[in-house]
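The chains referred to below are lettered A, B, ... by the order of the sequence lines, with proteins before strands, and numbering in each begins at 1.
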Amino acid sequence: MLRTETLSINMGPQHPSTHGVFRMVLTLDGERVVDLVPHFGYLHRGIEKLAEGRTYLQNVPFTDRLDYISGMSNNLAYALAVEKLAGMGPMPERAEYLRVIMAELTRLANHCVAIGFLLNDLGAFFTPVLYCLRQREYIVDLFEMASGSRMTPSYIRPGGVAGDVPPEFLPAVRKLLAQMPSFIDQLDQLLTGNEILMARMQGVGVLPPERAVALGVTGPLLRASGVPYDVRTAEPYSVYGQLDFDVVTEQGQDAYARYLVRIGEMRQSVRILEQALARLPEGPVMAEGVKRIRPPAGEAYARIEAPKGELGFYLVSDGTPNPYRYHIRATSLANLGALRDMCIGHLVADVVIILGSIDITLGEVDR
Amino acid sequence: MPFLNNLFGNLQDLISSWLAGFLPQWGVDLAMMAITTVALLAFLVVVVMYLTYLERKVLGRIADRPGPNRVGPLGLFQPFADVLKLIIKEATTPQGVDYPTYILAPILIVAPALLVYAVIPFGPRMVPTDINVALLFVVAISSVATLALLMGGWGSGNKYSLLGGMRAVAQMISYELPLAFAFLGVVLVTGSLSLVKIVEGQPGYPLALAQPIGFLIALICVVAESNRAPFDLPEAESELVAGYHTEYGGVRFAMFFLAEYIEMFTGSAMVALLFLGGWRGPILPPYVWMLIKVYAVLFFMFWLRGTFPRLRVDQLMGLSWKFLLPLGMVNVIVMAFIDKLHLPGGFLPGLAASIVILAVAGGVVRIGRRSPAVRTARPGLRVKEA
Amino acid sequence: MLGTGLLKGLAVTFRHVVATYVKDLKSFPRRYRKEPVAGQDPSLRGFFTVQYPEERLRMFARFHGCLLQARDPETGDYKCTACRACERACPHGVIVVEGERNPDRESKKKMLVTKFTWDAGRCLFCGLCVEACNFDALRWSQDYELASYDRDALVYDFERLLEKRGA
Amino acid sequence: MSESDTISRLQAALPDARVQPVEGAKDPTFLVEGDLLQAAAWLRAEGGYDFLSSVTGVDRGDHFEVVYHLYRTQGGGPLVLKVAGPWEKAEVPSLVGVWPAAELQEREAYDLLGITFLGHPDPRRILLWEGFPGHPLRRSFENKTFAHAEMRATMTSDEVPHAEN
């Protein structure tokens, strides 16, 4: 039989469709992937070491830089961890609802970017990504209105929220929510039924449910494999317990199912936002006595349902104003664990789609 | 308005009579040929330059942005800026290059693209030479470009370019066959291969109504032939980030670029001539009608590029061999019957037959899609267990 | 039917093309929107580009532009008392403050600022310093054009940070 | 089925695992002094803890700790497993066999803290380059920024086979 040997090619770290400085060494047999070795560390800034030298409040701006597509969610996870560590009492109602509003707005923005750039990898010439980025622009404007900066708001703090929202914030959110469903429908109409898209994404990157759970995969990737696991319902934090929304799951287990889950989640986020806006009470936005955070010795682990999956913060305190150990459970790192499993046996063109459907941010992977 | 209608025809008579004054007959013919060639080339280069501008404007507008509007009023000088940039850029030659093929490839890709315009008519007396095998000539010459792509891919000596070149050749070949069948459907009705006679021989209505399947296949194949929109696999490959013209720079790259847009223009011209009734139209002069139809097809191509994701290699091939080719054959057979039966009602029987064929094809595809073999895209492979 | 998904997609993009031209007609005479607009309006259709140098977006009130040393409206003097609260609050140690006692005893200003540098190149723009200042001396300006050709120009000294008179 | 009675069933089933609860922790935390692998396999099989959320190494000065956070996808609060040991023998059995999710996070614990995981399928560094002197997250590691040349000098093996095109 003709002796063919495998070809090993290097994809990344500077590559248009690796969503950041992520590198894969692919071993190919013709066009088919035989093996895949991921490589990280190009964006490693040592946040966990830096955090040990700073106070709990000074660490808040670092959390925006983890998953820089969804800054607010990182703040929320860190804030919940510090509050659990310091044993702070219940937050003022208004702060809780503002947190939910900001977290769900981040989810919308993140899914816009995820779907947009996935289509870019598929080769659609910048049109879907520009529609999505336009929609994200409205959301990011809201963050700038409330916190002063678009992607690194440092708005959600241990103890509540940096400052109350300006008067023109709520009408702007209502105007956005009025237009958001029509945007999602337009995206749906442009993409969901598209035969080329279905041909490219169906049956690609299949991840069976038990393998997904074993690999620690979370978020849309897990729910697209049929496992209805969402931290907002499994371990409700903030005021998610009082809001009703359903966990979007698909049984397709492939890249197309992940796309459908993200579209479904965007619709659910709009529903949550409408409820949160309706029930937003008046009142203070910051718990008292939060100036000097000095938690007692001990440890705490808090996790949230970030747009990409489960984001956890494990903090160990030794009674000083600086955290003793500051560990981040990164969703993208866990989800990347499943990349090799899904890519083997596919063509090179599919590897890009599978990576896009996982939706990773390297800031979170490398920390 | 008759003068305007036959503007170029009268112009030719005027010049040839003026030349006849002091040149022998063969001299006049020669001079006329030279003038038409120069005029045609000038027209083509300007058209292609403004094709790039038009494409960026349309793609911009699709994506809610204005497109080029900085260089000159409404960005009209943008093409000159692009051409100037390409000419100024240094044409680097990488080391591991197979020099003869590397240099010949750009030349060999532009020459046939221009040569094809020797037979394409834009109006009743506006065709350089009206040979009676014009359609065959066009299909034959445009397949030379396939060879040039392979030479470009192989000549660059870089693994990715070779892969890109191989894919391009496979794509061009597999989409020429359905194209030929689609054209066959038209030749059946008009009875002649000469493009001028094809246009004149068409019945009153555009043939796209009578042979919608032929029209669809031709449209898809023309888009695939010029490596564009959903089929632009070989050159803008997001995975391998390379194409057959990666190693080219400066003017050489401009040649590939020029050839691609000319081929797009040729493809739309052919579709306009054969299926949209060429230059025939109510009040406007013939050559204006022809340009309107050509630019309509071109707009469709830009529109496709702005909307659709790219097909994968095996799906691309599958579409051509398993779907377009059989559909083309069936279409030719059915159109032959309908044409020979001389049914009344103009294009209605053709339309009805095509709808029936499409319905049957849709059913066959749906049955095919459900069979497990097609469903999972992950064939068995000896996989290195972790 | 097989092609409906594709056709629906084409319809969406075509609507966008038409929307941009409709918007062009509405604002036909002038090419650039003269008055700067704060944020984009979701209900607007048509093209979305802000053609930067000619058209500008007005920043929101809380926008973190460039750091600013506020002046006391009555006396027109700077408010900073060199208490170094901002220096301690900064996660990156980007602000360096030095002060000395005010030689003439009876004036209200106890401390004078001899040196106040802010390194815009390393600053996170998080605003912890502005929040830490008890004398409301530090504020954010709306200016976002902070780029410069060399790194040292990014280190602002006290004069450059000081609010312009009558600003 | 709260965490404490799961653990009491575990203690009954595997006495030599010597699992002790840790007081005062916010989540139900248990220190495993005996055979971690056995306890983990039991928790996964009988306990139903099929989801390993995070693996963290902690430098406690004289000794190290590895903390595992476990959850049940069918619902079930956090269960925290801890393993401790002296720095001289910083070895912990790798749980990749029980939860494949541990693979990347154990490599990170090795890379940043120097805790080796026995039986790990791919015990390379994950974030830093091979040959990086020391483990940065140790309290003893003083902050040091590397000039590029210095970094190249410390690079021992270029473990990634360069694509030979």
Side-chain angles (χ1 to χ4, degrees), chain A residues 50-51 53-55 57-62 64-65 124 127-128 130-131 133-135 137-150 152-155 157 162-163 165-166 168-169 172 175-180 182-183 185-198 291, chain C residues 1-17 19-20 37-50 57-65 67 85-94 122-132 134 139-142 144:
Chain A
L50 289 177
R54 281 155 181 76
T55 67
L57 184 62
Q58 282 178 335
N59 277 329
V60 170
F62 286 127
D64 304 317
R65 269 81 178 171
T127 313
L130 279 171
Y131 292 168
L133 287 182
R134 171 180 187 165
Q135 198 62 22
E137 208 52 40
Y138 305 141
I139 297 171
V140 161
D141 271 351
L142 292 176
F143 291 158
E144 188 176 310
M145 197 191 290
S147 72
S149 84
R150 295 156 50 91
T152 58
S154 312
Y155 183 65
R157 303 272 176 80
V165 282
E168 69 273 11
F169 179 80
K175 184 182 268 199
L176 174 67
L177 287 186
Q179 187 256 352
M180 183 58 94
S182 71
F183 165 74
D185 298 340
Q186 174 197 282
L187 210 57
D188 211 19
Q189 191 188 351
L190 176 66
L191 301 175
T192 309
N194 189 321
E195 277 75 9
I196 301 180
L197 187 106
M198 284 155 71
K291 261 300 161 236
Chain C
M1 212 270 290
L2 196 60
T4 49
L6 301 173
L7 296 181
K8 275 196 282 180
L10 285 173
V12 168
T13 34
F14 192 75
R15 238 181 284 126
H16 272 268
V17 174
T20 50
V37 93
Q40 311 272 13
D41 177 354
S43 55
L44 269 183
R45 304 200 44 77
F47 72 70
F48 182 70
T49 326
V50 175
L57 274 178
R58 187 157 39 83
M59 293 296 116
F60 293 105
R62 293 186 181 173
F63 174 67
H64 292 185
L67 205 58
C86 51
E87 191 176 313
R88 282 192 299 276
C90 175
H92 254 332
V94 145
R122 290 178 50 240
C123 171
L124 293 179
F125 289 86
C126 60
L128 290 181
C129 53
V130 173
E131 285 163 23
N134 318 340
R139 242 187 276 116
W140 287 109
S141 78
Q142 303 272 320
Y144 47 83

(message) Could you report the tightest heavy-atom contact between A/Asp141 and C/Phe60, atom names first, then the distance?
(response) O-CE1, 3.5 Å
(request) Sort A/Arg54 into side chain, backbone, both or neither according to what part of it lies under 4.5 angstrom from a heavy atom of chain C. (result) side chain
(request) Report the residue from C/Leu10, C/Leu6, C/Leu7 that forms a side-chain contact (heavy atoms from CB on, under 4.5 Å) with A/Asn194. (result) C/Leu6
(request) Could you tell me how the ring of A/Phe62 sits relative to the ring of C/His92: parallel (under 30°), tilted (30 to 60°) or perpendicular (over 60°)? (result) perpendicular
(request) Please round to the nearest 0.5 Å and tell me the distance separating atom NE2 of C/His64 and atom OG of A/Ser147. (result) 6.5 Å
(message) Using heavy-atom distances under 4.5 Å, tell me whether A/Gln189 contacts chain C through its side chain, its backbone, both, or neither.
(response) both
(message) Show the nearest heavy-atom pair for residues C/Thr13 and A/Thr127, with the distance to one decimal.
(response) CG2-CG2, 3.9 Å
(request) Check whether A/Phe183 gets within reach of chain C through its side chain, its backbone, both or neither, counting any heavy atom under 4.5 Å. (result) neither
(request) Measure C/Leu128 against the heavy atoms of chain A and call it side chain, backbone, both or neither at under 4.5 Å. (result) side chain
(request) Taking all non-hydrogen atoms of both residues into account, name the closest pair between A/Pro61 and C/Leu124 and its distance. (result) CB-CD1, 3.7 Å
(request) Quick one: closest heavy-atom pair of C/Pro91 and A/Gln58, and the distance? (result) CB-O, 3.6 Å
(message) Tell me which of these, C/Cys90, C/Gly127, C/Ala11, has more heavy-atom pairs under 4.5 Å with chain A than the rest.
(response) C/Cys90
(request) Answer with side chain, backbone, both or neither: which region of A/Gln179 has an atom nearer than 4.5 Å to a non-hydrogen atom of chain C? (result) side chain
(request) Mark yes when over 12 heavy atoms from residues, nucleotides or ligands other than C/Phe14 sit less than 6.0 Å from its CZ; otherwise mark no. (result) no
(message) Please classify the contact of A/Leu197 with chain C as side chain, backbone, both or neither, using a heavy-atom distance under 4.5 Å.
(response) neither
(request) Not counting sequence neighbours, which residues clear salt bridge (Lys or Arg N to Asp or Glu O under 4.0 Å) with A/Lys175? List them please. (result) C/Asp41
(message) What part of A/Arg65 gets within 4.5 angstrom of chain C, counting heavy atoms only: side chain, backbone, both, or neither?
(response) side chain
(message) So, taking the atom named CG in A/Leu190 and the one named CZ in C/Arg15, what distance separates them when rounded to the nearest 0.5 Å?
(response) 10.0 Å
(message) For the interface with chain C, which of A/Pro166, A/Gly53, A/Ala178 has the highest count of heavy-atom pairs at distances below 4.5 Å?
(response) A/Pro166
(message) Given heavy-atom pairs under 4.5 angstrom as the criterion, report whether the side chain, backbone, both or neither of A/Leu191 touches chain C.
(response) neither
(message) Could you report the tightest heavy-atom contact between C/His16 and A/Gln186, atom names first, then the distance?
(response) NE2-OE1, 3.1 Å
